[in-house]
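One structure is given below, encoded as structure tokens.
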Amino acid sequence: MKDLKHLYELEKLMDEANNDLVRQAQNDGRICVGSVCSMVPEVLLDLPGTFTVRLRAPRTGSMEMGTYYLTSFLCEYSRALLERAIEGGYEFLDCLIAPDGCTMINRCVENMELLSTMNKEKFFYQNMEIPMKSDDNGLFIYVSECRSKILKPLHEVYGIDVSDDALRKAVADHNRVCDLITQIGDFRKEENPRITGYEFHIICMATYVCPKDLLIPILEETLEEIKTREPDEKKKFRARVVVVGAEIDDVDMIKLVEESGALVVADRFCFGSLPGREVIELNETEDVLTQICRHYIQVGQCARYMNKEKIDGRKKYVDFLAKEYHADGIIYEQMKFCDPWAYERMVGSHVLREEYGYPVLSIDRPYAVGSSGQIRTRVQAFVESIEIKKIQGGDK
């Protein structure tokens, strides 16, 4: 297929947290709000006058200092973030809002604060309490935390407009990006998709780490480009897979899977679009903040939610995606030492294999995959097993 016009530009933006678009927005006087988890409602960090960046540590090498403070038993994402913070890699942030999504992220952000890694005059940290159940009580807590830990400090410290009108504008802008990402991602449902999983991953991930409004012209042009793009008839992938699991911001992970013969047709992981890039529907009668928080609780598929409806719903959602995107198999992944997804991966892999009948590959991985020979070998073997089942006429 012909290369996408903006793909190289977007790939370059992934090379550093403080990328060109982040600097452009800050030069325009906008406040940069850091986040470390999807449990913080992203749209509330993209108010008029602000923009959000989900933290990542591209080109991670040594994590000696991060490991010194957090030990080697914490996930490499938390250690990589702390290492980068100690190096001064996040000093461009104006504030950092983190949830108690897991103890590892808690300790990571706590050490960032104790080690004084951010030094702007008005910089502040906020740590949110996040409900573990998506019920009415959980929604009440969520709304209260968002009001006191996000909207109030942004208004008091930086004078940001947090009125209902400002929230509605933020939702409208957010929805425009989500609509574009959804339209681009839908091309993955085609029998011979005109966009690869790697290309989509780069495009989608940019919306998490760059000011969204500055990406809209790129997304619009890319969508029109894909509409007339001719798929590569000579190079066809040997299997279609849904990748499910924990945080993936390493561009090499999806590339490795596809180089091993499996087209990633659905991205059910943190930094992905399923969920994460759904339009937020608002009515005219209910409190806007409550509606926003309810949306995030209802569509959220994080392994942290522990009520039975959510636990069962996560497997049903993966089954739905596999059918919707015509997947041949499922790759369940977690980062090493990620506690929430370790349990989810173990149970989910079993349920999707034994109860739903899908071929499932279950792996744990480092934060920076690189060209991992072990993972590559396992994916290649998984692809071959799917091909053998197709030849034998097996289910799915």
Side-chain angles (χ1 to χ4, degrees), residues 31 33-54 95-102 105-106 109 124-158 160-179 181-182 207-208 212 270-311 313-314 317 340:
I31 301 301
V33 184
S35 170
V36 291
C37 179
S38 62
M39 301 298 290
V40 178
E42 185 183 12
V43 70
L44 299 179
L45 313 182
D46 279 320
L47 297 166
T50 71
F51 68 96
T52 184
V53 169
R54 181 89 68 83
C95 58
L96 178 57
I97 300 176
D100 60 346
C102 68
I105 283 296
N106 281 352
V109 176
F124 66 83
Y125 290 92
Q126 287 291 341
N127 293 280
M128 298 176 61
E129 179 183 351
I130 303 296
M132 296 185 71
K133 292 185 177 181
S134 58
D135 54 16
D136 290 341
N137 184 60
L139 178 60
F140 175 81
I141 294 171
Y142 206 26
V143 171
S144 175
E145 287 291 292
C146 287
R147 196 182 303 278
S148 62
K149 303 292 179 62
I150 299 177
L151 301 185
K152 183 178 179 181
L154 284 176
H155 177 68
E156 291 181 348
V157 177
Y158 291 113
I160 300 301
D161 182 3
V162 296
S163 64
D164 280 2
D165 287 343
L167 295 183
R168 286 186 179 276
K169 183 181 186 310
V171 169
D173 294 342
H174 180 83
N175 286 349
R176 178 57 182 149
V177 171
C178 291
D179 181 59
I181 288 294
T182 299
T207 66
Y208 286 100
K212 295 179 182 59
C270 302
F271 276 96
S273 66
L274 301 165
R277 288 294 171 257
E278 296 81 11
V279 167
I280 301 174
E281 301 288 351
L282 297 180
N283 60 53
E284 298 296 328
T285 58
E286 194 177 12
D287 172 62
V288 179
L289 180 59
T290 300
Q291 294 182 69
I292 292 172
C293 291
R294 182 184 295 114
H295 168 85
Y296 278 93
I297 280 184
Q298 287 180 345
V299 306
Q301 295 288 331
C302 181
R304 189 181 187 281
Y305 285 120
M306 296 305 292
N307 49 312
K308 189 176 188 304
E309 295 79 8
K310 279 289 190 183
I311 294 172
R314 288 196 287 271
Y317 185 62

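Values below: all heavy atoms of this structure, side chains included; hydrogens, waters and symmetry mates excluded. Numbers here simply count residues along the sequence, with the first being 1. Keep in mind the model is a prediction, meaning the values are calculated, not measured.
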Q: Please assess Leu96 against Val33 for the test side-chain contact (heavy atoms from CB on, under 4.5 Å), listing each intermediate value before the final yes or no.
A: CA-CA 6 Å; Leu96 178 57; Val33 184; over 6 Å; no

(Q) Under a 3.5 Å distance rule, please check whether Thr50 uses its side chain to pair with a backbone N or O of Leu45 as donor and acceptor. (A) yes

Q | Leu44 versus Ile150, closest heavy-atom pair with distance | A | O-CG2, 3.9 Å

(Q) Working to the nearest 0.5 angstrom, can you tell me the gap between Arg54 CZ and Cys37 SG? (A) 6.5 Å

Q | Straight-line distance of Gln301 CD to Ser38 OG, nearest 0.5 Å | A | 10.5 Å

(Q) Taking ring-ring contact (aromatic ring centres under 6.0 Å, His included) as the definition, give me every residue that meets it alongside Tyr208, ordered by chain and number, with sequence neighbours left out. (A) Phe271

Q: Sorted by first residue and then second, give each ring-ring contact (aromatic ring centres under 6.0 Å, His included) pair with at least one member in residues 283-302; sequence neighbours left out.
A: none

Q: Can you see which heavy atom on Val162 is nearest to which on Leu167, and at what distance?
A: O-CG, 4.2 Å

Return a table of donor-acceptor pairs under 3.5 angstrom between the side chains of residues 128-136 and protein atoms on other chains or two or more places apart.
from: Ser134; atom 1: OG; to: Asn307; atom 2: ND2; distance (Å): 3.2
from: Asp135; atom 1: OD1; to: Asn137; atom 2: N; distance (Å): 3.4
from: Asp135; atom 1: OD1; to: Gly138; atom 2: N; distance (Å): 2.7

**Q.** Under 3.5 Å side-chain donor-acceptor pair for Thr182 and Arg277
**A.** no

(Q) Using every non-hydrogen atom in the two residues, find where Ala166 and Leu47 come nearest and quote the distance to one decimal. (A) O-CD2, 4.1 Å

Q.
I'd like to know if the side chain of Ser144 reaches the main chain of Ile141, judged simply by a donor and an acceptor atom lying under 3.5 Å from each other, with no hydrogens or angles considered.
A. no

Q) If you measure from SG on Cys102 to CZ on Arg304, what distance do you get to the nearest 0.5 Å? A) 9.0 Å

Q. Which residue, Asn127, Asn106, Val36, forms the side chain to side chain contact (heavy atoms under 4.5 Å, CB included) with Pro99?
A. Val36

Q. Can you check whether Ile160's main-chain N or O pairs, donor with acceptor, with His155's side chain at less than 3.5 Å?
A. yes

Q. How about Ser163 and Asp165: does a side-chain donor come under 3.5 Å of a side-chain acceptor?
A. no

Q: Mind checking the CD1-CD1 spacing from Ile292 to Ile297? Nearest 0.5 Å is all I need.
A: 13.0 Å

Q.
Show every side-chain hydrogen bond (donor to acceptor under 3.5 Å, both in side chains) that has at least one partner inside residues 280-289, sequence neighbours left out.
A. Asn283-Thr285, Asn283-Gln291, Glu286-Arg294, Asp287-Thr290

Q: Could you tell me whether a side-chain N or O of Lys310 sits under 3.5 Å from a main-chain N or O of Gln298, the two making a donor and an acceptor?
A: yes

(Q) I need the minimum non-hydrogen distance between Tyr305 and Ile311, along with the two atoms involved. (A) O-CG1, 4.0 Å

Q) How far apart are the closest heavy atoms of Ala170 and Val43, and which atoms are they? A) O-CG2, 3.5 Å

Q) Does anything in residues 168-179 pair up under side-chain hydrogen bond (donor to acceptor under 3.5 Å, both in side chains), and if so which pairs, sequence neighbours excluded? A) Lys169-Asp173, Arg176-Glu220, Asp179-Gln183

Q | Residue list, ring-ring contact (aromatic ring centres under 6.0 Å, His included) with Tyr125, at least two apart or on another chain | A | Phe123

Q) So how far is it from Phe124 CZ to Lys149 NZ, rounded to the nearest 0.5 Å? A) 12.0 Å

Q: May I have the step-by-step check of side-chain contact (heavy atoms from CB on, under 4.5 Å) for Thr207 and Ser273, ending in yes or no?
A: CA-CA 10 Å; Thr207 66; Ser273 66; over 6 Å; no

Q. Hey, what do you get for CG (Leu151) to CD (Glu156), rounding to the nearest 0.5 Å?
A. 11.0 Å

Q.
Could you report the tightest heavy-atom contact between Cys302 and Met39, atom names first, then the distance?
A. CB-SD, 3.9 Å

Q: Decide yes or no for Pro41 and Cys146: does some side-chain heavy atom of the first lie under 4.5 Å from some side-chain heavy atom of the second?
A: yes

(Q) One pair to check against side-chain contact (heavy atoms from CB on, under 4.5 Å): Leu139 and Cys293. What are the steps and the verdict? (A) CA-CA 7 Å; Leu139 178 60; Cys293 291; 3.8 Å; yes

